[in-house]
Amino acid sequence: VTDEDYPLLADIDGPADLKLLTRGQLAQLAGEVRQLIQEVVARNSGHLSSNLGVVALTIALHYAFDLPTDKLVWDVGHQCYTHKILTGRRDRFQTLRQRGGLSGFPSPKESPYDTFLVGHGGTSLSTALGLLLAQEARGTQGRVVAVIGDGSIGAGMAFEALNHIGHLGKPLLVVLNDNRMSISRTVGALAKYLSVMRAAPLYNELKREVRSLLDALPVVGQPMETALEFVKDSLRHVVVPGRMFEDLGFRYFGPVDGHDLDVLIDTLDQLRRLPTEKPILLHVLTEKGRGFTPAAQDPTTFHSSPPFETGDGDVFPRLKKGARAYTHAFTDALVDLAGEDQRIVAITAAMPTGTGLARFAEVFPDRFYDVGICEQHAVGLAAGLAKGGLRPVVAIYSTFSQRAADQVFHDLCLQEVPVVLALDRAGLVGGDGPTHQGLYDIGWLRHFPGITLTAPKDGAELAALLGWALSQPGPVAIRYPKAPLPKGVFATPLVPIEQGRAEVLAQGPDGVLVAYGGAVEHAERARRLLAEEGFEVGLVNARFAKPLDEETVGKCLAEVPLVVTIEDGVLVGGFGSAVAELAERSSGRKAELLCLGVPDIVLEQGSRQELLQEVGLDGAGIARRVAEALTRVRSRKRATRRKAAG
Ligand SMILES: Cc1ncc(C[n+]2csc(CCOP(=O)(O)OP(=O)(O)O)c2C)c(N)n1
C-alpha cells in the first residue's frame, strides 16, 4: 500500500491516525479502502459485497468510538475488512484468506480490536451483552457496540438475545446494518417489517416531531385518557418506525443513510454520549457492493466472491471451467427425483445458491422454503413436513448444521421421521477458516439413535444415495465435500445401495484402506502410489458410517495385517472411532488399526488442497503414512517369526 496509490490510507496505522483526519478527508479515505478491498478480493477471493457496503459505517464507528476500550462485536464477521485495514493490518491485508495470512473473519489472535473469532450468524447480540455485563460487574469503562445485518438478526439466537437485552434494559448499542440482503434477498416477516421502516423519512426527525406532538396532547379525565392512549398508540403504530424494537425495550433511532459519513459520525457520537440506561437500536441503511457496479448489481455472486479480473469495467469471474462440484451433482439429482415424486420438498437456511437449491427453487417454486439463517427452524420444519407425509430434504452446510444438533436429535431421530439432511461443505473447506470447517458432523451425528449416516465417493454415488435416502423410513444424513467431483478415478460400476453396506473397490494381501466419503478419492490415489512401491493394499468405500458395515470391515480386521481408516473429518468420535469400537469388540482380530483424519486442533484457513496436504490426507500423505505403518507391521512380523524360530 504505497503513498502514491493510497495517499491517506498509507498513514493509517490505527484509529488514532484516523481521528487526525478532517471530516472532509474521510470520503477520500473510504474510496481508498474500497479500492484496496476490491484489489485484494479480486486476487484472493473473499466477501466482497458485504465489505464494500460497510466501509463508511466502519470508518464512522472507529471515528466516533474509542476502540478497543469501547468494544465492537461484528456479527458473522465476514464484513470486517475495513475494520482490519484501519486497525494496523493494512499491509498484511494482501495475505487475506491465505495460508499463514490474515483471516477473512475477526480474530482476537490477530488484534486486540477483534473481540471474538466468529463466522456463524446471529451470535453478536448475546456475546456483546455478555461483555457489557462483565464490564458492569468489574467496574470497567467503555461502550459496547454490536453490528448485525438484517439477515442475521432473524437468527434464533439473535432473537433470544433481543428478548434478554430488552428484559435487562442494559445500554448496549445495536447497529442494524440493513442492506435488504442476506446472501440472497433477506426473507421473512421481520425483513418485511424492516422494509416498512426503510420507507420512513431518514434519520430521527419525524420521530422527534411525533414524540413532542404526543407529549403535548392534553389529558382530560380517565375516559379521555384511555381514548388518547388509543390514539397515541395507533398514531405511533402508523408513523413511528421501530415500534417493534421500542416495544421490546429498545430506543430505536433511524433509519440513517449508511453511506453518509457526516450523518453516521454525528449520530454515533450522539448515541455514544446519550445518558441512557436503555438499549439502543440504530437502524442503518446500506447497499451491498457499494462503489463497485458489478457487485452492487449482483451482490449474491460477489457475496463470497471467487478471484476475478476487471477490464473495461466488466468482470470475468475467473472460475475454472467445467469443474463440476458435488453440489452440482446433488442439485441435478434432487431436481430429477423431485420430478418423479411430488412429495419431495427442499429447505435451505439462507443458502439457496451455496447449496445449489436455487435451481430447485426455479423448477419447483412451491416446493421450496428459504427460512433465513435459522438452521434450527429448518430442521424442525422438516420434521413437521415429514410427519405430514412429505419428503423434505434440508440442504445445509456441515458447519451450520451444528446449530440444529438438538433438532436433529429431538425432532428427527426421536420422531423417526423421513428427513434427508444434505450436508454440503462436509470436510476441509479452505479459505473461510476454522468457523467454516465441516469436520465434526460424523462425530456429533453418530451418537443419535435411529439416524443413518452416509457419504458418497463421487457424483454418481451421491445421486444414488440421495434416491435411496428418500426411500428410507427414518432420518438420513448425506455428507459431501466442497470439492470438484473426482473424474476418471473410479472405473468400476457402482454397487447398488443397501443400508449399512460398504463397497469393496480393490483387494490386497498387505492391508486395507477403509475410506469414507470425500476421502475415498484420495485413498484410491494412495492405493496406486503404494502399488508403485510394492505394497498391495485393498480399498473399501465405507459408504455408511452408521450403521457401519460390520461384516465387511470385520472381515478386513480378521484377514489382513493392517486396516487404515481415512476420513475428511476430525478423528475424535468420527468414522475411525466407529471402526475402532468394532475392533475392540471383535474377537478374531488380526489387523493393526491406523486411523487417519483431522487432528484435534483449530485449523486456520488455506486452500482445501493445502489443508489436505498439511494434515496428510491427500493421496501422497496417506500413502506415506500407510507405507510407514506397513513397514512397521512387516518388521514386527519378521521379528516375531525369528523369535518363534529360535
Ligand atoms: C449460522 C449461519 N448460517 C449461515 C451462514 C452463512 N452466511 C454468511 S453471511 C450470510 C448472510 C448474512 O446476512 P446479513 O447478516 O444481512 O449480512 P450482510 O452480508 O448482508 O452484510 C449467511 C447466510 C452463517 N454465516 N452462519
Side-chain angles (χ1 to χ4, degrees), residues 37 46-58 73-83 104-106 116-126 146-160 174-188 190-191 194-195 198 258-259 283-290 295-296 299-305 347-355 357-358 370-379 394-405 407 423-425 429 431-438 482:
I37 290 174
H47 288 91
L48 189 63
S49 315
S50 310
N51 278 292
L52 292 179
V54 296
V55 173
L57 175 61
T58 311
V73 184
W74 295 102
D75 204 279
V76 186
H78 62 308
Q79 72 294 60
C80 67
Y81 296 178
T82 305
H83 166 82
F105 291 87
F116 293 96
L117 188 167
V118 280
H120 291 198
T123 66
S124 66
L125 306 188
S126 302
V147 182
I148 187 164
D150 56 300
S152 299
I153 203 168
M157 186 172 169
F159 264 62
E160 291 176 32
V174 175
V175 176
L176 173 59
N177 171 33
D178 179 5
N179 51 29
R180 291 185 289 175
M181 298 291 292
S182 185
I183 293 176
S184 304
R185 184 62 72 180
T186 306
V187 295
L190 182 66
L194 291 178
S195 73
R198 288 179 76 99
H259 301 295
H283 187 185
V284 178
L285 307 184
T286 60
E287 180 198 19
K288 263 184 139 166
R290 177 81 172 190
T300 302
T301 297
F302 287 93
H303 176 85
S304 182
S305 169
I347 304 172
T348 177
M351 311 293 287
T353 48
T355 57
L357 286 187
D370 180 354
V371 299
I373 308 178
C374 301
E375 289 77 8
Q376 298 172 310
H377 169 61
V379 172
V394 186
I396 202 164
Y397 289 9
S398 165
T399 187
F400 304 137
S401 71
Q402 289 162 194
R403 277 283 164 87
Q407 284 70 18
L423 300 178
D424 200 329
R425 271 64 164 178
V429 296
D432 284 331
T435 53
H436 284 57
Q437 298 294 358
K482 182 188 186 183

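For ligands, and for the atoms within them, numbers begin at 1 and follow the listed sequence.
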Taking atom types as modelled, is there a side-chain donor on T355 or D424 under 3.5 Å from an acceptor on the other?
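Distance-only check fails for T355 and D424.
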Can you name the salt bridge (charged side-chain N to carboxylate O under 4.0 Å, His left out) partners of D150, sequence neighbours left out?
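D150 satisfies salt bridge (charged side-chain N to carboxylate O under 4.0 Å, His left out) with no other residue.
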Residues at least two apart in sequence or cross-chain that pass salt bridge (charged side-chain N to carboxylate O under 4.0 Å, His left out) with D178, listed by chain then number, are R198
With hydrogens left out, which residues have an atom under 4.0 Å from ligand 1, given that only heavy atoms count?
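Contacts of ligand 1 under 4.0 Å: S50, V76, H78, G119, H120, G121, G149, D150, G151, S152, N177, N179, M181, S182, I183, K288, H303, A350, M351, I373, E375, F400, R403.
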The single option from T399, T435, D75 that satisfies side chain to side chain donor-acceptor pair (under 3.5 Å) with H120 is T399
What heavy-atom pair brings F116 and P106 nearest, and what distance separates the two atoms?
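Taking every non-hydrogen atom into account, O-CB, 3.3 Å.
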Does V76 have any side-chain contact (heavy atoms from CB on, under 4.5 Å) partners at least two apart in sequence or in another chain, and if so, which?
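In terms of side-chain contact (heavy atoms from CB on, under 4.5 Å), with neighbours along the sequence ignored, V76 is linked to H78, F105, S152.
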